[in-house]
Structures are given as structure tokens and as C-alpha cells.
Amino acid sequence: MILAFQTDLTGRIRQTVSEAFGVTLGEILVQTTPRLDLGDMALPLAFDLAKKIGRKPRDIAQELAPRLASVAGIARAEVAGGGFINLYLDRSAFTRRLASFVSAPPAPERRDGRVIVEHTSINPNKAAHIGHVRNSILGDTFVRLLQARGHEVLTQNYIDDTGVQVADVIVGFERLEKKSLADIRALDARFDYYCWDLYARVFEWYGEDRERKALQAATLHAIEKHEGPTAQLGEYVAARIVRAHIATMARLDIGYDLLVRESDILRQHFWAKAFELLKETKAIHFEEEGKAKGCWVLGMSGSEDGLDENKIIVRSNGTVTYTGKDIAYQLWKLGKLGLDFRYRRHEDSTPARPLWSSTSGAADEGAPHFGTGASLVFNVIDVGQSYPQRVVKAGVAAVAGPDAAEGTRHLGYEKVVLSKATAKELGYEVDEDAGVVKVSGRRGLGVKADDLIDALEAKAANEIATRDPERVAKDREKAARDIAVGALRYFMLRFSRNRIITFDMEEALAFTGETGPYIQNSVVRAKSILAKVSAEGHDLQALLRRAADKDLLGSWLATEEGSSAWSLFLAMARTEEAIETAVRTEEPSVMTRHAFQIAQAFHGYYQNPAHTVLRAETEDLRAVRVLVVDLFVRHTTDVAGLLGIPIPDRM
RNA sequence: GCGCCCCUAGCUCAAUUGGAUAGAGCAACAGACUACGAAUCUGUAGGUUGGAGGUUCGAAUCCUCCGGGGCGCACCA
């Protein structure tokens, strides 16, 4: 609710400054003050103005402050420091505005143009691990934030079902285990876990005899040709693993609208079309000599980032590289390819969350048209892929122009490594000199996503059992699931994207301090207060109406208790701003900190025994306290929802 | 060699993108349950922001140099 307020405010400031100094201001920065007793908002604009009109910042501030004090919603304005103008809000009016906003949040204004977010995109050859979890949680949360900003979002998960990683597992099944499709179908072990081990074994097996590595290329070729038993096997294995990944991510409340399979990109001849476009626009050229003789290369020298490099797109044997396929895919996302997939409903589609898949078979009737193009595309891919992502962007720029390239965003994030302690705990051999341990799919080294979630659930169930032994098992399990999800999502989001996360089991399992469960706990407590007040015969609605009185609120907010509540109100009002910042800076961690700050403000308020609702000295006090708790519950449930953090009934 | 990222309290991270006295969590220490559930709260201690220069009203943030660590620069994906 703060954005509309600030828009009004900056409009008035612009007008006032223009009248007083005849200067038109650009962007007007509205900041927070270091401490609440210095005011609720701070304006550093006198510093900029000082340069423009050649006067001292403090003098300018002195002159402006009294004029701003008359703006609606501002109680008073003071000059502080070298020339800050600090604004004190009309707490009563602001709180009433907040209350109506929170009890009936307006739908965000719809923005033009569709946004595509691609995330997860795990190779379909083994179980998901913690690195993938970071990707998916980051992407899913960003989707939620975009939607909260009014964007229409299409969430995609790219399935590289014709890649070498799948081929490796197929080599394992065919050569190492001598299994047929029927044998594999009959496997009733956890399939993604089975393949995790098999994949590691295949690399050991390759290592024993160099000749064996040739099987990888042959198998890949068979899969790409989409003929014969090996290709059938590849299709089956990839599809089954994808379903395992979907199930894993569903535990974290992560879903998709569309799965795009690389095999369909090949069979719909997306690349052939993209190749034409790249040639037409002279984005790529044929290399007659030198290192890349006989290849089609994309020149990067003319690109904006000034890289003086060439990237091979078509090999001398005529096959296209992954980067080339990615350019085709990216052009499709932007609606610039002129081709579309056919679509079928996926097996894991539900009425609540429809899921579609690209297909080269028959299209389902009534399937949506996903290929109409997006104005903005976010690719959630680890930061190690920055270079190929830049190449893709350069290709897009050449074919579709600078706007399309600008709409192609790499939402990069650093990797997740294991702490030494956790690696040891998992039974891996650890080099004593190493500070951390890198995960390695080839060596089967890493923490599987489902194992991690299981561990979190077990720990949460344990905690509940010690605190609340009477609790029935079913109820306990549901709460444990919610807590596990809250803990994991918060943990993966609280770091900036460019931070390497050193994953430590003990740290990830923590439920105290700056964690998801801290936020969940604050809301659960608040809800239990409301339930109790209601159970004692108080009418919550009547109390809320009573609290809405302007004078009652005004005088109470001036008290010490009111100030404590005020800091909470102000924090809640800033949610809109936090969402805007998180989306603009493409940094979801902004939101976790914001949520934590709100929860912390509430804990600070309600923990004070002098602020008890049940034993309130007067009905007026009970009324305003109910207002605090009620607003907090409603609002924080929504904020947690933006982070994908569920609120259990009890915990 | 070239490019990108990181270095902030003992540890893990923030700092509204150049703003006020650099803040949180964990760990440590001292307190608070006869109080709407203590997964909580209150307090104490902890800093030459890797180092040195520079830019300006103002620098953790921008520039230059140096040091330490990580990643990328495939006819792999």
C-alpha cells in the first residue's frame, strides 16, 4: 500500500520544489530512516538540489520542510544531519489505510505482455539434488513475485531428453546391466535413485576401458535418430525420471505450466528454421580456414559486451551444438521463430494445476497455444553457464533485434557446495585441505533433494512430538511437512543469487533464528491468540470496528505500546515496495529478509506481557491489540505465500 | 593470458544500488515462563568493511593498483 502513498507524496514534493526553486526534479528517492525516532521516511533530495541551485543542502531542507509538513498524511517534517528531510507520518490515518488494504488486498494492476520463466530443467537421468532445489525454489519464487506485480507468467521446465547424460544411463542399462525395456519397466525400486547410482557406476566403468566411451556417442546418436530399441529405452527412462522430478518439486509446492522436450525441438525442425534465420541475417558465417574450418560460427565481436570471440554453432560434421539449439528455443520463447510445438496434456496434470508437454505426436484437443511469444524471458540457470547464455543473447540480438535480446534475461545463481562436516556425515571421502566439497553427479556425490526433505520432515516431526506429545500422528505429519518446506525454501532464498551456498545439514535443519519456521511460528502464535480471544466470548469483528476509530488509534499509536505496533505496521506497509525491489533487481532474497523483518517486529510486540490481548485492561486496548494481531495474520500469510512458505495450523 | 564473481563481527549473511552512528541470525555471556505455547523475548560483548591510493558534501558501495579465493573462456551440455 506504500507505493500509492509514495506516488502521491513524490508528486506533491515535485510540485513544491518546482514552486519554491523553479527546478524540476527527476526521480525522487524516498528512504527509510536509520531509527524510527528519526521519522518514518527520509528524503535526501536537498543534496541533489544543492548542486543544481548552488545552495547549502541544509538551508534548502530548512526551507522545504515546513511546506512538506502540510501534505496530507504527513504529521510533521524535520531537518536532520547535513540536509535530510525526515517525515513523520500521520500514524492514525496511515494505519487505517493499511487496515483496509490488508483486509481487502486489491488485485495487482495487469501488465502488458507475457513473461516466461524457465526453471528446474534437470537432466532426466537421475534424482534431483540440492543444487537443483536452489534452481527450482529460486525460479518458482520469482514466478510468484512476478505474478504479484501483475505479470502473466508462463512457467516452463526444459527437458533435455536427447542429451549425453541420458545416453550415459542408457549405456548403463544396456551394456552394464544388460536390461531390456521390459526389465527396466519392472524395476520397482525408486527409479531416480536407482539411476543416480547407475550413472556413477557407468563413469567408473568408462574409466576402466577407454574404448567404452565410444558407446556414449553411439547411444546418443541412436536416441537422436529416434529409432530402434535404444531410442525407446531413452524415451522411457527420461519420461519416468521427469515424473520423479515433478513429484519431488511438488513436495515443495513447485509446479509448471509446460514441459518442453528437446526431442520435440529436433523433430519439429526448430533448428533448421533458426539456422535459416541466422544465415539470412548474417549472424553466423561459414569458416573457410583456421581452427574452426568447416564450421558455422557466431561472431561475438560486434556484440555489445565487446567480446572478441567466435562461438561454433554448427560443427564441421554438420551437427548443431547445444548453444545452437538453445538459440532456436529462445527465439521460439520470444515468438520470433515462426514455428510452434504441438501440445498434449501431461500425465501429472491436475485440474488445480494443468500441466502440458510439447509433443511430436498428436496434439490434444483444446490445448493452449504456448508459442505466441513473450516480451520477457527469464532463464534460471547456474552462473557457470553465463558464457553460453551470452552467446544465445547475441544470436537473438542478430535475428530479432536489440529489444528481443534485452528481453532475454539470465537469472543466474551460484552453485551449492557441501560443508566438510556434511560431506563426511554422508560418508564421502573428504580431502582434509579442502574447505568445502563440490557435488558431482558423475561420482554420485551430493545430497538428494528427497533425502533432504525427508530429513527435515523427520526433524520437524520430532520437535512437534517433544513439544506436543498428545498430538495425533496424522496432524503431526502435515505440520512437519509444512515446516520442512518453510525451512528449506527460506534457506535457499535467503542468500543473494551470486553467493555460493555452503550447504551444511545442521544449518539447513535449524528452526530458530532467521529461518522459515520463525516466520511460520509467528503467524501460528498470532492465530492462536485470535482463536483464544474468540473462544473467551469476545466478538472479533466488533473489536476490529471499534479499533478503526481515528482518535482511539491516534492516541494509542502515540504511546510506547503503540510505537511498537507502529514499527510493525510500517514494515507491513512496505511489502509492496519489497516486491517491486525484488522483481526490479531480480533478487528474491529481498523478500525473505522483508518477511523476517515483519515477523520479528510482531514477535517483539506480542512477546511483551504488557501487550496481552486476553488480559487487556480496557475494551479499547483489547480492540487495538486485536487489530495488530489480525492484520499481522492476514498480511504475513500472504507474504509467506509469495515465498511458497505454508502456514501450518499448529506447530 | 582474458573475462566474470567473491573477500564485511569468531561463523553464516545484510546494508534500500553513493546516504545519517555498517545491521541481522548463529555461537558466547547475563537475564525473562504462576504471563494469549519460550521454535520466543530483553540485554552485554564482538568491526581499520582483504590492503594502499583516488573521486566528493558523503564510499562497504564508484575508479586505479596490489593480495587471497572461486568460476568461465569446447567442434560437451
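A, B, ... follow the sequence lines: proteins, then strands. Residue 1 opens every chain.
At a cut-off of 3.5 angstrom, counting only N and O atoms as typed in the model, there is no donor on one side facing an acceptor on the other between the side-chain of R525(A) and the base of U40(B). A donor-acceptor contact under 3.5 Å is formed by the side chain of S316(A) with the base of C75(B). Contact of N86(A) with A20(B) (side chain to base): a donor-acceptor pair of N or O atoms is detected under 3.5 Å. For U16(B), the base has a donor-acceptor partner in the side chain of T32(A) [N/O atoms by modelled type, under 3.5 angstrom].
Spacing of P atoms, A9(B) relative to C71(B), comes out at 23 Å, to the nearest Å. Nucleotides A15(B) and G25(B) are separated by 15 Å at their C1' atoms, to the nearest Å. Nucleotides C26(B) and U40(B), compared at atom P, are 7 Å apart to the nearest Å. A distance of about 14 Å separates the C1' atoms of U8(B) and A59(B), rounded to the whole Å. Taking atom P on both U34(B) and G19(B), the two are 48 Å apart, rounded to the nearest angstrom. Comparing G51(B) with A60(B), their C1' atoms are spaced 14 Å from each other, to the whole Å. Taking the C1' atoms as reference points, C33(B) lies 23 Å from A28(B), given to the whole Å. Rounded to a whole angstrom, the distance from the C1' atom of G70(B) to that of A30(B) is 41 Å.
No hydrogens or angles considered: a donor-acceptor pair under 3.5 Å links the side chains of Q330(A) and N379(A). In summary, the side chains of T120(A) and N157(A) do not present any donor paired with an acceptor at a separation below 3.5 Å, with no hydrogens or angles considered.
In this structure, the CD atom of E587(A) is 11 Å from the C1' atom of A14(B), given to the nearest Å. Protein atom CG of L29(A) is 12 Å distant from nucleotide atom P of A20(B), rounded to whole Å. Whole-Å rounding puts the L530(A) CG to C36(B) C1' distance at 10 Å.
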Derivation of the ring pair (Phe, Tyr, Trp, His ring centres under 6.0 Å) call for F596(A) and Y518(A):
CA-CA 8 Å; F596(A) 178 70; Y518(A) 177 94; 4.9 Å; yes
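The side chain of R390(A) places no N or O atom within less than 4.0 Å of a non-bridging phosphate oxygen (OP1 or OP2) of C4(B). Contact check, K438(A) against G70(B): no side-chain N or O comes under 4.0 Å of OP1 or OP2. Contact between the side-chain N/O atoms of N498(A) and the OP1/OP2 oxygens of C6(B) is found at a separation under 4.0 Å. A sub-4.0 Å separation between OP1 or OP2 of C57(B) and a side-chain N or O of R58(A) is absent.
With centres under 5.5 Å and a plane angle under 30°, the ring of F84(A) is stacked against the base of A20(B).
Of the listed nucleotides (C41(B), C71(B), C73(B)), C41(B) has the atom at the smallest distance from the side chain of Y518(A). Side-chain atoms of I483(A) lie closest to A39(B) of the nucleotides A39(B), A74(B), G19(B).
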Can you give the dot-bracket line for RNA chain B, where a pair is Watson-Crick or G-U wobble with both atom distances under 3.5 Å, crossing pairs use [ ], and | marks a partner on another strand?
(((((((..((((.....[...)))).(((((.......))))).....(((((..]....))))))))))))....
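Toward the 5' end of RNA chain B, the nearer of the two residues T33(A) and V613(A), judged by each one's closest nucleotide, is T33(A). Toward the 5' end of RNA chain B, the nearer of the two residues I500(A) and H603(A), judged by each one's closest nucleotide, is I500(A).
Remark: K325(A) fails to qualify as a cation-pi partner of F270(A) under the 6.0 Å distance and 45° angle criteria applied to the six-membered ring.
Taking T612(A) as the reference, nothing meets the side-chain hydrogen bond (donor to acceptor under 3.5 Å, both in side chains) condition, with sequence neighbours excluded.
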